[in-house]
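Read through the structure below, which is laid out as structure tokens, and then see the notes.
Both backbone and side-chain heavy atoms feed into the values below; hydrogens, waters and symmetry mates do not.
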Amino acid sequence: MLSVDPFNLICTVVNLLILFVALRIFLFKPVQKIIAERQAQADAQLNEAAARQKEAESLKEQYTSSMAKAEEEKKQLLNTARKDADEQYQKIVEKAKAQAKQIEERAVADAQNQKNRILKNTEKEIADMVVAAAEKMVGTQSGAKIDRSLYDEFLGKAGEEQ
């Protein structure tokens with residue numbers, strides 16, 4: 001059978017206590033220290049990653065807002081350019097209309113002047129023909145008084161017909 005020696009039992013218990021204290025001092029404390037250091041490093045890295053993520057989100061928001069501002073500025077510039085182009089178009093159209101009106105007025109005035117010249121030339125030719133006809137009718141009689149009366153009579157008849 002198994003005999004239990006009290007001295008052997010005490011020595012075994014003391015050896016186990018010494019081994020436990022030695023393991024605790026030389027093994028568990030350094031391992032716990034290393035684990036704590038690694039945990040601190042991991043926490044620091046997580047905190048740094050969270051800070052970088054917040055910074056990235058902040059930069060993303062800034063980028064998004066700047067893009068929205070740029071888009072708004074682009075729209076405003078396009079609207080301004082459209083308004084300016086429309087104003088220029090209106091000015092050009094008004095100027096063209098004014099020029100067309102001036103050209104039309106000049107054409108009407110030129111036509112009226114040409115009509116007046118033609119009428120004067122026609123009147124002069126008719127007067128000359130009347131004088132020639134009157135000379136033929138009167139024969140040898142000539143005189144300013146006869147010419148004038150025949151001319152006035154002809155103009156009177158011509159004015160009635162118009």
Side-chain angles (χ1 to χ4, degrees), residues 23-162:
L23 284 175
R24 184 172 174 122
I25 291 173
F26 295 112
L27 181 65
F28 292 132
K29 282 190 179 182
V31 168
Q32 286 179 347
K33 185 179 176 185
I34 290 171
I35 289 173
E37 287 175 0
R38 289 202 177 168
Q39 184 65 39
Q41 286 177 350
D43 290 341
Q45 287 178 348
L46 284 174
N47 290 338
E48 185 179 334
R52 285 186 181 177
Q53 185 175 2
K54 286 181 183 178
E55 183 180 344
E57 288 175 1
S58 172
L59 289 173
K60 181 181 175 185
E61 288 175 12
Q62 288 177 354
Y63 172 76
T64 303
S65 71
S66 68
M67 289 302 291
K69 287 179 184 176
E71 187 69 27
E72 184 64 31
E73 287 178 11
K74 180 183 89 171
K75 287 179 183 177
Q76 288 176 351
L77 287 174
L78 284 174
N79 287 339
T80 303
R82 284 184 183 129
K83 287 179 184 176
D84 290 345
D86 189 42
E87 288 174 6
Q88 289 293 332
Y89 173 77
Q90 293 299 329
K91 287 179 183 177
I92 290 170
V93 168
E94 288 174 11
K95 186 176 179 181
K97 286 181 181 179
Q99 287 177 346
K101 186 175 181 180
Q102 287 177 349
I103 290 170
E104 182 183 356
E105 288 173 356
R106 272 189 258 142
V108 168
D110 288 345
Q112 187 65 34
N113 287 339
Q114 189 174 6
K115 177 183 171 187
N116 290 338
R117 276 195 311 261
I118 291 172
L119 286 176
K120 284 182 184 179
N121 286 340
T122 306
E123 229 177 72
K124 186 177 178 184
E125 288 176 11
I126 290 173
D128 290 341
M129 288 182 351
V130 166
V131 169
E135 282 180 357
K136 284 183 182 179
M137 286 179 73
V138 174
T140 56
Q141 280 185 344
S142 76
K145 190 175 180 184
I146 294 174
D147 291 341
R148 181 56 69 192
S149 66
L150 288 174
Y151 176 70
D152 289 338
E153 183 181 332
F154 176 76
L155 287 180
K157 288 181 182 178
E160 291 174 5
E161 289 179 8
Q162 288 182 356

- Task: Could you pull out all residues at least two apart from Glu104 that satisfy salt bridge (Lys or Arg N to Asp or Glu O under 4.0 Å)?
- Result: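 So Glu104 forms no salt bridge (Lys or Arg N to Asp or Glu O under 4.0 Å) with any residue.
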- Residues two or more places apart in sequence or in another chain: which of them pass side chain to side chain donor-acceptor pair (under 3.5 Å) with Asp43?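 Side chain to side chain donor-acceptor pair (under 3.5 Å) list for Asp43, sorted by chain: Gln39.
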- Query: Quick one: does Arg117's side chain get under 4.5 Å of Gln114's, heavy atoms only?
  - Reply: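 Side-chain contact under 4.5 Å: yes.
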Between [atom1] of [X] and [atom2] of [Y], what distance do you get to the nearest 0.5 Å?
X: Asn121; Y: Ile126; atom1: CG; atom2: CD1; value: 11.0 Å
X: Thr122; Y: Lys115; atom1: OG1; atom2: NZ; value: 11.5 Å
X: Lys95; Y: Gln88; atom1: NZ; atom2: CD; value: 10.5 Å

- Salt-bridged, Arg52 to Glu48, with N to O below 4.0 Å?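 A salt bridge is present here (some side-chain N lies under 4.0 Å from a carboxylate O).
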Which side-chain N or O atoms in residues 65-81 pair as donor and acceptor under 3.5 Å with protein atoms at least two apart or in another chain?
unit_1: Ser65; atom_1: OG; unit_2: Glu61; atom_2: O; d: 3.4
unit_1: Ser65; atom_1: OG; unit_2: Gln62; atom_2: O; d: 2.9
unit_1: Ser66; atom_1: OG; unit_2: Gln62; atom_2: O; d: 3.2
unit_1: Ser66; atom_1: OG; unit_2: Tyr63; atom_2: O; d: 2.8
unit_1: Glu71; atom_1: OE2; unit_2: Lys74; atom_2: NZ; d: 3.2
unit_1: Asn79; atom_1: ND2; unit_2: Lys75; atom_2: O; d: 3.4
unit_1: Thr80; atom_1: OG1; unit_2: Gln76; atom_2: O; d: 2.8

- When you look at CZ of Arg106, are more than 12 heavy atoms from neighbouring residues, nucleotides or ligands closer to it than 6.0 Å?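 Yes - once you tally the heavy atoms of other residues, nucleotides and ligands closer than 6.0 Å, there are more than 12.
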- Between the side chain of Thr64 and the main-chain N/O of Lys60, is any donor-acceptor distance below 3.5 Å?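 It does hold such a pair.
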